[in-house]
Amino acid sequence: MTSREQHDRMANAIRFLAMDAVEKAQSGHPGLPMGCADIATVLFTKFLKYDPKNPHWPDRDRFILSAGHGSMLLYSLLHLTGYEDMTIDQIKHFRQLGSKTAGHPEYGHATGIETTTGPLGQGLANSVGFALGERIMNAAFGNDLVDHYTYVLAGDGCLMEGVSQEAIALAGHLKLNKLIVFWDNNNISIDGPVSLADNTDQVARFQASGWNASHIDGTDPEAIAYAIEAARHSDKPTMIACKTTIGFGAPTKAGTNKAHGSPLGADEIAGARKFFNWDSPPFEIPADILDAWRTAGKAGAKPRTDWEGRLAKAKPELKAEFERRLAGKLPSNFDAVIADYKKKLSADKPKVATRKSSEMALEVINGAVPETIGGSADLTGSNNTKTSQTKNITPDDYGQRYVHYGIREHGMAAALNGLTLHGGLIAYGGTFMCFSDYARPSMRLASLMGIRSIFVMTHDSIGLGEDGPTHQPVEHLAALRAIPNHNVFRPADAVETAECWQIAIETEKTPSTLALTRQNLPTVRTEYSAKNLSSQGAYELAAASGDAAVTIFATGSEVEVALGARDLLEKHGHPTRVVSVPCFELFDQQSDAYRKKTIGDAPIKMAIEAGIRQGWDHLIGSDGIFVGMHGFGASGTIEQLYPHFGITAEAAAKAAEARLHSK
Ligand SMILES: Cc1ncc(C[n+]2csc(CCOP(=O)(O)OP(=O)(O)O)c2C)c(N)n1
């Protein structure tokens, strides 16, 4: 039993590490760690199941600091409980280049950081994926191997962000009862009192979305413990509204926005030392308090070894499957399955939309890879994301493989990241490509974290027709390609679609977006190639009949247009080659020699893509010819729109010939 005095001193250790680290860095947010130290202390000493010596133990509880600006709370906890990589030196180097203690928690920098947080609301929205992932894995592997909670600490900012509504509605709908959110209800954000901008009754809001929610005093350890205990036995997700004081203990800044995002200053810190009766110098934790924290950190060793015992005793096939999935490795026959499928496609030569090709590829993949979890933001029939293996996940049946995310693109993308980060699952979700804008903040974080989330974006151009310019992406390919570490695939036919899916599934540290058409496309890869040609990012699809006068680069639906232009140019005596470019990012990673050879030295270089030009100059040069979109689309049939915007074989051939004649 921890006495109240001991609890207070343990909480104060967090407060002073945070105050002193922010002061030394002269940058950071001391207010949240000071206000939430009691919540964190109760959680990490009494409830959270974790083992600092085995930070990746799969059945650990997850703790997500959604209010990532309060990063010093998490770093302090990791240090105090004994995570080996979170040394006191790291704390002293808070926010310094190269340290694990980055400004906001960065996934992969230090063990114990479950996800990157900082953009408010993301951690909370990720947590839906974590908590759902736990239920899905539990359904597959049973209570003995998977049985843990997901805890989140969120601030006013997290709850004000729109994505939070998508997240809480989804969690409530799915009855994710092992999700427990603490709301740091301190009434303060950067501009001042929250009442400047918000008067929401958050408890009522969560309740309306199917949660348990109640108010507590977030500085009372007994109340906190009682609320957590109740939450753990709830049949719904729980939000605990914890009344706290930002910067608690700072003599004049506590309870004000002055404690939010800047160092407190020597006088305030001296005052806090007096207030808490804390006479240790900066970065020194009294031995008995450090001991108490380390003892708390050791408590997880027993549950962890018990769990290892259960894993060792599990049926060999179950154990092997669990370990394979957790290691992120694919079934050993995966490549062979794809190779067989590609052979069949090259023989069958289907003429289908790439969204349909994607469904066909997924039918094969989902049959071979049991850990895929599909979904769509209410466009299942349009995104073609559902296959025969993926039945609906419901609160009564988490043993299925399809999530109806509702019209919640952002919440879906954040949940995909949470599912992926949970481990053991490969998650994909679909929407129209135009609405990738609604999902982009989470797509960017997937890239930043280096994780295998897969975004299925159909209706990838004006080719969607009558829905018009609001639904027709034009800048989206360029915008998505601009995200570092993001593979944007735009396959040209069913074979490339299978190849792109294969890469997406196999690539563990880079998320993928598949840009897919609504309109039918012919199979252009009619000859089977054992090699995954799309993995080179770009490759010569059709050679020129002689020394190439023209090279046409194209992606997706415009590869057909490029091949048509090539036919015309060849007929007119101009040897023309066509390079298919399913993925810029992968092409950029090829050797100089391969890139040079593929770009070639034809005097005329042209790109055809039903999007904007941005990004293409690095292949065609600033003097290259671009056939594509120069502004927004229009409402009309596909047969009208391509000629209307000049994206036809004839227009492309004409532009190339005009240039040839002017040379
Ligand atoms: C998406 C996003 N918008 C803006 C910010 C900048 N920002 C960081 S903290 C913060 C205020 C958050 O207030 P609250 O959650 O109440 O935190 P507290 O002041 O209580 O620590 C803002 C606007 C951000 N990190 N993410």
Distance-only side-chain donor-acceptor flag, D588 / H618, under 3.5 Å:
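Judged by distance alone, the side chains do pair up.
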Using the side chain to side chain contact (heavy atoms under 4.5 Å, CB included) rule, take N186 and D156 through it: C-alpha gap first, then chi angles, then the decisive distance, then the call.
CA-CA 8 Å; N186 65 15; D156 299 302; 3.0 Å; yes
Under the criterion side chain to side chain contact (heavy atoms under 4.5 Å, CB included), I'd like the reasoning laid out for I462 against F645: C-alpha separation, chi angles, the key distance, then a yes or no.
CA-CA 9 Å; I462 53 164; F645 289 107; 3.9 Å; yes
Close side-chain approach of V152 and I180, heavy atoms under 4.5 Å
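No. Closest side-chain heavy atoms not under 4.5 Å.
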Looking at side-chain heavy atoms only, is the closest gap between M443 and T513 below 4.5 Å?
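Yes, close enough: below the 4.5 Å cut-off.
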Lys/Arg N to Asp/Glu carboxylate O, R440 vs E409, below 4.0 Å:
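Looking at R440 and E409, the cut-off is not met.
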Please determine, by modelled atom types, if Y402 and T387 share a side-chain donor-acceptor pair under 3.5 angstrom.
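No, because no side-chain N or O of Y402 sits under 3.5 Å from a partner of the opposite role on T387.
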Distance alone, cut at 3.5 Å: any donor-acceptor contact between the side chains of Q502 and N532?
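Result is yes, a qualifying pair exists.
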Are E371 and R324 close enough, and set up right, to give a salt bridge (Lys or Arg N to Asp or Glu O under 4.0 Å), and what steps lead you there?
CA-CA 10 Å; E371 60 267 38; R324 179 189 71 74; 2.8 Å; yes
More than 12 heavy atoms of other groups within 6.0 Å of Y438 OH
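For Y438, atom OH is not crowded (no more than 12 foreign heavy atoms under 6.0 Å).
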Counting C-beta onward and ignoring hydrogens, is there a side-chain heavy-atom pair between Q519 and S461 closer than 4.5 Å?
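They are in side-chain contact.
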Step by step, would you call E161 with Q122 a side-chain hydrogen bond (donor to acceptor under 3.5 Å, both in side chains)?
CA-CA 9 Å; E161 289 293 349; Q122 288 292 330; over 6 Å; no
Between atom NE2 of H404 and atom CG of L174, what is the distance when rounded to the nearest 0.5 Å?
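So the gap between those two atoms works out to 11.0 Å.
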Report yes or no: do T394 and D396 form a side-chain donor-acceptor pair below 3.5 Å?
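Result is no, nothing qualifies.
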Please test D467 against Q472 for side chain to side chain contact (heavy atoms under 4.5 Å, CB included), starting from the C-alpha separation and ending with a verdict.
CA-CA 8 Å; D467 269 340; Q472 292 164 347; over 6 Å; no
Is the Y151 to F63 ring centre distance short of 6.0 Å?
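Centroid distance Y151-F63: not below 6.0 Å, so no.
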Approximate separation, where rounding is to 0.5 Å, of N384 CG and L379 CG
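Reported to 0.5 Å precision, the distance equals 10.5 Å.
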What closest approach, in Å, do P582 and E496 show between heavy atoms, and which atom pair accounts for it?
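Answer, listing the atom of P582 first, then E496: CB-OE1, 3.6 Å.
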Is any side-chain heavy atom of M137 closer than 4.5 Å to a side-chain heavy atom of L425?
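When only atoms from C-beta onward are counted, L425 and M137 do touch, with a gap below 4.5 Å.
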Gap between atom CG of L362 and atom OG of S388 - 0.5 Å precision
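Here the interatomic distance stands at 11.0 Å.
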Residue pair Q400, T390: steps toward the side-chain hydrogen bond (donor to acceptor under 3.5 Å, both in side chains) verdict
CA-CA 6 Å; Q400 300 299 337; T390 57; over 6 Å; no
State, without any angle test, whether E558 and Y642 hold a side-chain donor-acceptor pair at a distance under 3.5 Å.
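Looking only at side-chain atoms, Y642 and E558 do form a donor-acceptor pair, the distance falling under 3.5 Å.
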Which pair of non-hydrogen atoms, one from P491 and one from L516, has the smallest distance, and what is that distance?
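The pair with the smallest heavy-atom distance is CG-CD2, 3.8 Å.
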Can a side-chain donor-acceptor contact be found between T523 and D493 if the only test is distance below 3.5 angstrom?
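Note: D493 and T523 side chains miss the donor-acceptor criterion.
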Salt bridge check: are D460 and R490 linked by an N-O gap of less than 4.0 Å?
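So D460 pairs with R490 through a salt bridge.
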When you check the side-chain N and O atoms of H148 and D59, is any donor under 3.5 Å from an acceptor?
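The answer is yes; a qualifying pair exists.
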Flag for T354-T517: side-chain donor and acceptor within less than 3.5 Å:
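A donor-acceptor contact under 3.5 Å links the two side chains.
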Side chain to side chain contact (heavy atoms under 4.5 Å, CB included) for V488 and E585? Distances and angles first, verdict last.
CA-CA 7 Å; V488 180; E585 290 77 3; 3.8 Å; yes
pair L176-V128: side-chain heavy atoms closer than 4.5 Å:
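Yes. Closest side-chain heavy atoms under 4.5 Å.
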Hey, does P350 have a side-chain heavy atom less than 4.5 Å from the side chain of M360?
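In contact.
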For I426, run the side chain to side chain contact (heavy atoms under 4.5 Å, CB included) check against L416, L330, I373 and tell me which one passes.
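Exactly one option meets the side chain to side chain contact (heavy atoms under 4.5 Å, CB included) with I426, and it is L330.
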Between R62 and E134, is the closest basic N to carboxylate O distance under 4.0 Å?
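R62 and E134: not salt-bridged.
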Where do N485 and T510 land on the side-chain hydrogen bond (donor to acceptor under 3.5 Å, both in side chains) test, with the steps shown first?
CA-CA 6 Å; N485 191 37; T510 303; 2.6 Å; yes
Answer yes or no: is there an ion pair linking E475 with R481, defined by an N-O contact shorter than 4.0 Å?
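Salt bridge: no.
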Smallest separation among heavy atoms of A368 and P370, with atom names:
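For A368 and P370, the tightest heavy-atom pair comes out as O-CD, 3.5 Å.
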Is it true that N126 and E114 share a donor-acceptor pair across their side chains at a distance under 3.5 Å?
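E114 vs N126: no donor-acceptor pair found between side chains.
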Establish, from distance only, whether the side-chain atoms of E466 and S635 form a donor-acceptor pair under 3.5 Å.
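No, no side-chain donor-acceptor pair sits under 3.5 Å.
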Step by step, work out the salt bridge (Lys or Arg N to Asp or Glu O under 4.0 Å) result for E359 and K386.
CA-CA 7 Å; E359 181 188 329; K386 201 165 195 181; over 6 Å; no
Measuring only between side-chain heavy atoms, which start at C-beta, is L464 closer than 4.5 Å to P473?
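Side chain of L464 against side chain of P473, heavy atoms only: contact under 4.5 Å found.
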Pick one: which of T111, I113, T101 meets side chain to side chain contact (heavy atoms under 4.5 Å, CB included) with L78?
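With L78 as partner, side chain to side chain contact (heavy atoms under 4.5 Å, CB included) holds for just one option, I113.
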In the structure I gave you, are the side-chain heavy atoms of L159 and L124 within less than 4.5 Å of one another anywhere?
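Contact flag for L159/L124 side chains = yes.
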Which word best sums up how the rings of H459 and F432 line up, parallel for under 30°, tilted for 30 to 60°, or perpendicular for over 60°?
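The rings of H459 and F432 sit tilted, inter-plane angle from 30° to 60°.
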Looking just at side-chain N and O atoms, do Y539 and R525 make a donor-acceptor pair shorter than 3.5 Å?
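Looking only at side-chain atoms, R525 and Y539 do form a donor-acceptor pair, the distance falling under 3.5 Å.
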Stepwise, does the ring pair (Phe, Tyr, Trp, His ring centres under 6.0 Å) test hold for W501 with Y341?
CA-CA 12 Å; W501 260 114; Y341 175 57; over 10 Å; no
Centroid-centroid distance, W616 to F584, less than 6.0 Å
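Ring centroids of W616 and F584 are less than 6.0 Å from each other.
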Would you name the heavy atoms of H486 and L480 that are closest together and state the gap between them?
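Here H486 and L480 meet closest at CB-O, 4.3 Å.
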Verify the distance criterion only: is there a donor paired with an acceptor across the side chains of N366 and T372 at less than 3.5 Å?
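Indeed, the side chains of N366 and T372 share at least one donor-acceptor pair under 3.5 Å.
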NZ/NE/NH1/NH2 to OD/OE distance under 4.0 Å, R205 and D201
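Here R205 does not pair with D201 in a salt bridge, since their nearest N and O are not under 4.0 Å apart.
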Can you see whether N383 engages T458 through a side-chain donor-acceptor pair at a distance of less than 3.5 angstrom?
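N383 vs T458: donor-acceptor pair found between side chains.
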S234 side chain to N177 side chain, donor-acceptor N/O pair below 3.5 angstrom
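No, because no side-chain N or O of S234 sits under 3.5 Å from a partner of the opposite role on N177.
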Can a donor-acceptor pair be found between the side chains of T238 and W211 at a distance below 3.5 Å?
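Not at all, the side chains of T238 and W211 share no donor-acceptor pair under 3.5 Å.
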Minimum heavy-atom distance between S534 and I503, given as atom pair plus value
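Closest pair (atom of S534, atom of I503, distance): C-CD1, 3.8 Å.
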Evaluate the ring planes of H29 and H260, with Trp represented by its six-membered ring, and classify them as parallel (under 30°), tilted (30 to 60°) or perpendicular (over 60°).
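It falls in the perpendicular class, over 60°.
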Heavy-atom pair with the smallest gap, counting every atom of P237 and A171:
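Nearest pair, atom of P237 first, then A171: CG-O, 3.7 Å.
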Using a distance-only test with no angle check, is there a side-chain donor-acceptor pair under 3.5 angstrom linking H476 and D437?
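On atom types as modelled, these side chains qualify, holding a pair under 3.5 Å.
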